[in-house]
Number of protein chains: 2
Amino acid sequence: MDVSSRRPSMADVAARSGVSYQTVSRVLNEPDIVKPATRSRVREAISELGYTRNRAARALKTTRSSLIGMLTDGSALFGPTETTTAIESAARRAGYSVLLTTVGAEDGAGREVGGELLGSGADGILVVAAHEGMVPAVSTAARSTPVVAVAARSLQMQGIEVVGVDQRLGARQVIEHLARTGVRSVVHAAGPQDWFDARSRQEGFEEAIALHGLDGAVVGPGDWTPRSGYELTNALVRDGLPEAIFAANDMMAIGVLHALHEHRIRVPEDCAVVGFDNTLGAEFQVPSLTTVAQPFAELGRLALERLLHLLEGTELPPGTPSTLPPRLVVRRSTRPERTH
Amino acid sequence: MDVSSRRPSMADVAARSGVSYQTVSRVLNEPDIVKPATRSRVREAISELGYTRNRAARALKTTRSSLIGMLTDGSALFGPTETTTAIESAARRAGYSVLLTTVGAEDGAGREVGGELLGSGADGILVVAAHEGMVPAVSTAARSTPVVAVAARSLQMQGIEVVGVDQRLGARQVIEHLARTGVRSVVHAAGPQDWFDARSRQEGFEEAIALHGLDGAVVGPGDWTPRSGYELTNALVRDGLPEAIFAANDMMAIGVLHALHEHRIRVPEDCAVVGFDNTLGAEFQVPSLTTVAQPFAELGRLALERLLHLLEGTELPPGTPSTLPPRLVVRRSTRPERTH
DNA sequence: GCCCCGAATGCTAACGTTCACATCACCGAA
DNA sequence: TTCGGTGATGTGAACGTTAGCATTCGGGGC
């Protein structure tokens with residue numbers, strides 16, 4: 001009845017099952033090479049004692065922490081909780097735990113966070129919603145740790161592997177759709193310019209505008225919030241409204257819708273509205289919002305898979321994509337396409 | 001030029017600065033007791049080598065991991081990213097890192113997750129968006145690790161410390177406000193019954209209905225999503241609409257608004273609508289949504305503070321609240337209060 | 001009956017840090 | 001000059017695990 005408050009160790013398990021601790025270790029790591037009878041005896045002792053492996057000791061000896069650092073933006077404005085959730089559950093299945101690190105606006109260039117990341121001893125790092133502020137931290141970390149970035153194509157320059165949704169393609173799909181509905185002029189309410197995704201969407205917008213010979217302009221930048229979409233739209237109403245507004249994300253689009261409603265401008269008859277992200281509320285806006293759906297969960301899994309291969313030093317299965325296509329979701333905030 | 005791929009250790013720093021590894025350790029842990037000259041010499045060596053402390057070794061020796069486990073719901077439907085962000089940044093400031101663990105619907109009773117949590121070796125655990133499915137995992141963990149739960153008052157029974165927003169009070173504020181606007185009948189579109197917050201809001205609703213002698217009913221349960229709010233409202237339109245609908249959260253309220261709009265029912269003239277959470281889009285719904293704001297960030301900090309005191313074994317400063325009041329935010333989806 | 005082989009298990013050392021104690025240098029008082 | 005004392009630094013051991021090698025055991029071929 002030694003109620004030593006200390007957590008049981010391998011030695012305790014070994015004593016209880018009459019073997020050496022090395023055998024206990026083997027039961028845990030390579031069960032096949034230990035005799036079935038012994039194995040089950042040890043297993044029994046493990047569950048009786050409620051033994052769990054000491055993570056620190058294991059990490060110390062193997063020099064691998066079984067930890068994956070996830071660096072994400074803390075501003076809470078950005079949607080993809082889905083991505084982080086997918087990453088976490090995939091990581092757990094692969095025997096890793098996820099160390100969460102948020103880099104808020106207040107952290108400046110995120111240098112401090114970079115140091116934390118390194119010190120954390122994570123085996124690899126996943127960067128989730130990337131903006132410029134993360135770059136110093138990430139490229140520092142990348143010197144000594146494998147890094148995979150999600151949705152931030154531009155980081156590729158730094159020799160960092162990138163997995164992402166093709167934001168430009170998404171923007172092009174939006175413009176093509178608008179063109180097919182007969183729209184001749186579109187304004188893009190841009191997102192914050194230090195976010196990679198915001199810039200890619202804007203670039204896609206500009207390409208597509210040129211390609212289809214539409215009358216296009218960019219206003220903003222906004223800051224991802226509904227309020228910024230609202231204010232940009234109010235300015236547009238003053239200065240002259242286009243036939244469609246393409247907001248950088250759904251939240252801004254919600255602000256756009258609200259402003260148009262206040263001015264009694266009918267959507268989509270007088271002005272069509274498109275968002276980006278297909279967040280949970282988009283379908284139930286008034287009118288329901290045409291937007292671009294991103295496979296957030298898939299993206300998270302893909303990023304983790306890539307990181308794991310980097311960690312194990314194995315090759316990715318051929319044909320594994322690094323870029324996923326977005327999907328335009330047409331709803332009622334844009335007019336129906338002309339089938340002529 | 002020994003580019004030994006191995007990370008530098010204290011011994012390396014010690015060799016470079018001509019002291020023993022113990023002195024290096026002291027510079028890191030109790031800088032005051034080492035001579036300033038030596039201290040700065042060691043510090044120099046540390047930065048030259050890019051040395052960071054090996055977390056595993058430290059954890060092994062001290063039996064403290066400097067890790068806080070954060071258990072949260074993975075369903076991505078739930079809002080308070082703000083809470084998790086606040087927790088993470090407060091934890092970092094206190095020298096802890098946050099281990100993220102999500103328990104999705106697929107994890108069943110979350111037993112497996114409980115085991116993971118324990119094995120993770122976290123010094124303490126924070127439970128964030130709690131529903132019944134987490135209870136087994138949490139109460140198992142609580143036997144060997146300090147646990148603080150956020151917003152799940154009912155866990156208190158299990159001897160777990162709880163920090164939360166007073167959900168019932170929030171619901172009462174809603175009903176009082178509605179009563180003051182002259183509303184006589186209210187329906188509560190309830191949230192999923194296995195979520196603690198959903199039940200508290202419903203209870204608060206029922207209390208207040210009785211108190212004010214209103215005509216009240218509960219429909220649902222919904223599942224936090226706009227769609228469920230939408231469908232519940234459609235049924236209400238068929239069966240007879242009340243003068244107000246109080247949705248269990250903002251997302252459901254968005255669905256409610258959408259359904260009412262489809263049926264050309266004016267909000268708030270024909271039917272008022274109230275949500276809960278004050279999520280980012282609420283203010284810019286059409287009409288802007290009256291809802292209950294929760295101090296999510298404050299809550300996260302409070303929970304962490306409580307956990308830290310538990311870990312250090314120190315007393316909380318007297319007057320530290322364990323329950324925070326919510327705040328009713330009146331907007332355009334309810335009628336103005338009668339001032340008579 | 002001897003030897004060799006493989007399967008199963010045990011022992012020793014080491015990972016990088018911190019704790020407890022030992023040592024050393026130096027200063028001021030007797 | 002010697003001694004106790006303090007402030008600064010060094011030494012040994014240990015945390016719990018895994019890697020590498022050593023040992024034991026039983027059985028089959030000569």
Side-chain angles (χ1 to χ4, degrees), chain A residues 4-43 45-46 49-67 95 97 118-123 144, chain B residues 4-43 45-46 49-67 95 97 118-123 144:
Chain A
S4 69
S5 62
R6 179 179 121 271
R7 267 176 59 182
S9 75
M10 277 193 174
D12 300 319
V13 175
R16 182 164 190 122
S17 47
V19 296
S20 77
Y21 49 83
Q22 179 56 28
T23 303
V24 178
S25 171
R26 275 194 274 258
V27 168
L28 260 30
N29 295 325
E30 328 162 77
D32 300 337
I33 68 169
V34 40
K35 197 159 68 174
T38 319
R39 197 195 309 158
S40 64
R41 201 147 34 92
V42 171
R43 289 228 167 103
I46 286 179
L49 261 48
Y51 167 79
T52 64
R53 246 193 309 219
N54 182 313
R55 182 181 209 125
R58 185 176 161 83
L60 176 58
K61 183 58 185 163
T62 59
T63 70
R64 310 201 52 196
S65 63
S66 300
L67 250 37
S97 296
L118 288 178
S120 72
D123 294 336
S144 56
Chain B
S4 68
S5 62
R6 178 179 122 272
R7 267 176 61 182
S9 76
M10 278 192 172
D12 300 319
V13 175
R16 183 164 188 121
S17 46
V19 297
S20 78
Y21 50 85
Q22 178 56 22
T23 302
V24 178
S25 172
R26 274 194 275 259
V27 168
L28 260 29
N29 296 325
E30 328 162 79
D32 300 336
I33 69 170
V34 40
K35 196 160 69 174
T38 320
R39 196 194 310 159
S40 64
R41 201 147 33 93
V42 170
R43 289 228 167 103
I46 287 179
L49 261 49
Y51 167 79
T52 65
R53 242 192 312 221
N54 182 315
R55 182 180 210 125
R58 185 177 162 82
L60 176 58
K61 183 58 185 163
T62 60
T63 70
R64 311 201 52 197
S65 63
S66 301
L67 251 35
S97 295
L118 289 178
S120 73
D123 295 336
S144 55

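Computed from a prediction, not measured in an experiment: that's the story for all the values here. Worth knowing before you read on, the calculation uses all heavy atoms, side chains too, and leaves out hydrogens, waters and symmetry mates. In what follows, every chain begins at residue 1, and chains take the letters A, B, ... in the order their sequences are listed.
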(request) Kindly say whether, by distance alone, the side chain of A:Gln22 makes a donor-acceptor pair under 3.5 Å with the base of C:dA8? (result) no

(message) To the nearest 0.5 Å, what is the distance between CG on B:Asn54 and CE on B:Met10?
(response) 9.5 Å

(message) Students often get this wrong, so: under 4.0 angstrom with heavy atoms, is B:Ser20 touching a base, only sugar-phosphate, or nothing?
(response) base

(message) Counting the atoms with a prime plus P, OP1 and OP2 as sugar-phosphate, which does B:Thr38 contact under 4.0 Å by heavy atoms, base, sugar-phosphate, or nothing?
(response) sugar-phosphate

Of all the nucleotides listed ([options]), which has the minimum atom distance to the side chain of [X]?
| X | options | value |
| --- | --- | --- |
| B:Arg53 | C:dA8, C:dT17, D:dT17 | C:dT17 |
| A:Lys61 | C:dT18, C:dA14, C:dG16 | C:dA14 |
| A:Thr62 | D:dT17, C:dG10, D:dT18 | D:dT18 |

Does [X] place a side-chain N or O at less than 4.0 Å from the phosphate oxygens OP1/OP2 of [N]?
| X | N | value |
| --- | --- | --- |
| A:Thr23 | C:dG10 | yes |
| A:Arg26 | C:dT9 | no |
| A:Arg55 | D:dT17 | no |
| B:Asn54 | C:dC15 | no |
| B:Ser25 | C:dT18 | yes |
| B:Tyr21 | C:dC19 | no |

(message) If you assign each of A:Ser9 and B:Ile33 to its closest nucleotide in DNA chain D, which residue comes earlier from the 5' end?
(response) B:Ile33

(request) State, with a plain yes or no, whether a side-chain heavy atom of B:Thr52 is found less than 4.5 Å away from one of B:Arg7. (result) yes

